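Here is the naming used below: chain letters follow the sequence lines, and residue numbers restart at 1 for every chain. Note that the structure is predicted; figures quoted are calculated from it, not measured.
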Number of protein chains: 2
Amino acid sequence: MGKGEQTRQAILDEAFALASNIGVGGLSIGVLAERTRMSKSGLFAHFGSKEELQLAVLREAQQRFADVVLRPAFRQPRGLARLRAIVINWLDWTRVANLPGGCVINAAAAEFDDQPGPLRDEVRIGLLALRRTLVDTVAKAVSTGELRPDTDAEQFAFELEGIYQVTQQSRRLLDDPEADRRALVAFDRLVRDYASTNKGD
Amino acid sequence: MGKGEQTRQAILDEAFALASNIGVGGLSIGVLAERTRMSKSGLFAHFGSKEELQLAVLREAQQRFADVVLRPAFRQPRGLARLRAIVINWLDWTRVANLPGGCVINAAAAEFDDQPGPLRDEVRIGLLALRRTLVDTVAKAVSTGELRPDTDAEQFAFELEGIYQVTQQSRRLLDDPEADRRALVAFDRLVRDYASTNKGD
DNA sequence: TGATTTATAAAACGATCGTTCGTTCGTGTC
DNA sequence: GACACGAACGAACGATCGTTTTATAAATCA
């Protein structure tokens, strides 16, 4: 990795952590420059525009999410075990990744949801990919027979995302110490409702 | 209502709609001034500081939420009917209120959740009040016998908020036309799980 | 109507924004 | 030793930010 790549990554690391606190939209070249002890222009040259920097941060976030949440979970056998691993990793990922201020992607989703442009597109693509992964994982738990054949995988994934979002908000804004436990309760209820039973029907 | 109050309210209306698009943090005195065809200083004088304006917008949002979502629902008899009315109004409120760009409060929650200060406090207070209202409403549905006595009302409210949040995101960012239907499915599943049955246990 | 608050405006403040420009520094290559 | 190159810099650009000051117009009240 050349010197350029190295610096670029260092900037990105700092930007990532900063964006976690103040949001991707709140990033500023000046602030980022003094944090990395670089000149504004030197830093700027690595990205060409602020928007490019923001996009890079979003891509970084997606990559880390895949590394920290999805990839480890896919070492579990497909089915409920894998699904549960995703949920566990997901709820924990702001602690594991360098995200002192919460999930960058979710914050960006709320920030750009009605501001058309490349940033919105990037967030959208990432979240669509996540939803597809969730749907597929649920579908596999159906095909293993752990969930009922009539399970609506899209509905299941939809509700999973709801659990994640309210957990984030409860933790971060409401300081609810029960948030994580409630998330797991909700997940278990979801699984139980769709699980195959031997009571028939 | 004197002239001052009148202009102040007009500014607030515009700020409210604008904040729906670009967020409470994205509000700017300059932009707001030209939208209301006022001078920056003339507008500024009504609030004294930008933060005070932002707080006013958040309070406006809370008030409208109470007017549009809660108050009408409380005309329903307490119990499941009232709870369902809250959910229906809630899902619809960005259409009913002047919120072309989505729920101001939820966006502000994501924006300020780790930026200590009066804005975060205001959002927090509003969301805590909402949660309390939800918990109380669920608890009443328990006391009417419509929900089981061992229902965890806090858990119920927690999951309701999750449904709302994922619905907003699915509608606004993912353009999912099924979002509203899925929200109701999730709500029904929630109610069914906690409902009293005559099968016993 | 005249006096007096109140509401709005115009102009300017220093700060910060993203961006551009020209230059310097360091490194490796012929 | 001359050359080319990528990396970083300092200085400045015009624009916008929130805010203050000073002044005038409008509304309110006696």
With the sugar-phosphate defined as primed atoms, P, OP1 and OP2, and the base as all remaining atoms, what B/S/- string results for nucleotides 22-27 of chain C, 5' to 3', for protein heavy atoms under 4.0 Å?
-> ------
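Taking five base pairs at each end of the helix from C/dG2-D/dC29 to C/dC30-D/dG1 and finding the rotation axis that steps the C1' atoms of four pairs onto the next four gives two axes whose angle is 0°, to the nearest 10°.
For B/Thr144, the side chain to side chain donor-acceptor pair (under 3.5 Å) partners at least two apart in sequence or on another chain are B/Glu146. For A/Glu52, the salt bridge (charged side-chain N to carboxylate O under 4.0 Å, His left out) criterion is met by no residue, not counting sequence neighbours. The side chain to side chain donor-acceptor pair (under 3.5 Å) check on B/Arg59 picks up nothing, with sequence neighbours excluded. Under the rule for a side chain to side chain donor-acceptor pair (under 3.5 Å), B/Thr94 has no partner lying at least two apart in sequence or in another chain.
Put simply, the residue from B/Asp180, B/Asp92, B/Asp176 that forms a salt bridge (charged side-chain N to carboxylate O under 4.0 Å, His left out) with B/Arg171 is B/Asp180.
A/Arg120 places no side-chain N or O within donor-acceptor distance of the main-chain N or O of A/Phe112, the cut-off being under 3.5 Å. A donor-acceptor contact shorter than 3.5 Å links the side chain of A/Arg172 to the backbone of A/Gly101. The main-chain N or O of A/Leu12 is never found under 3.5 Å from a side-chain atom of A/Glu60 such that the two would form a donor-acceptor pair.
Contacts between residues 114-123 of chain B and DNA chain C, defined by a heavy-atom separation below 4.0 Å, involve no residue at all. The stretch residues 39-55 of chain A touches DNA chain D through A/Ser39, A/Ser41, A/Gly42, A/His46, each having a heavy atom within less than 4.0 Å of the strand. Within residues 27-34 of chain A, the residues having any heavy atom under 4.0 Å from DNA chain C are, by residue number, A/Leu27, A/Ser28, A/Ile29, A/Gly30, A/Val31.
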Derivation and outcome, side-chain contact (heavy atoms from CB on, under 4.5 Å), residues B/Glu161 and B/Leu134 = CA-CA 9 Å; B/Glu161 288 184 24; B/Leu134 291 175; 4.0 Å; yes
Starting from the C-alpha separation in whole Å, work towards a yes-or-no answer on side-chain contact (heavy atoms from CB on, under 4.5 Å) for B/Arg189 and A/Leu190.
-> CA-CA 9 Å; B/Arg189 196 176 64 78; A/Leu190 193 50; 3.1 Å; yes
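Inter-residue side-chain proximity for A/Leu127 and B/Gln169 is flagged as met; some heavy-atom pair is nearer than 4.5 Å.
Legend: ring pair (Phe, Tyr, Trp, His ring centres under 6.0 Å) pairs involving residues 123-178 of chain A, not counting sequence neighbours, sorted by first then second residue: A/Trp90-A/Tyr164, A/Phe156-A/Tyr194. Among residue pairs with one or both ends in residues 72-86 of chain B, those qualifying as side-chain hydrogen bond (donor to acceptor under 3.5 Å, both in side chains) are B/Arg84-B/Asp188; sequence neighbours excluded.
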Which atom pairs, one a donor and one an acceptor, fall under 3.5 Å between side chains of residues 33-44 of chain B and the rest of the protein, sequence neighbours left out?
from: B/Thr36; atom 1: OG1; to: B/Leu32; atom 2: O; distance (Å): 2.8
from: B/Thr36; atom 1: OG1; to: B/Ala33; atom 2: O; distance (Å): 3.2
from: B/Ser39; atom 1: OG; to: B/Gly42; atom 2: N; distance (Å): 3.0

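Listed here is the closest heavy atom pair of B/Ser20 and A/Asp114: O-OD2, 3.2 Å.
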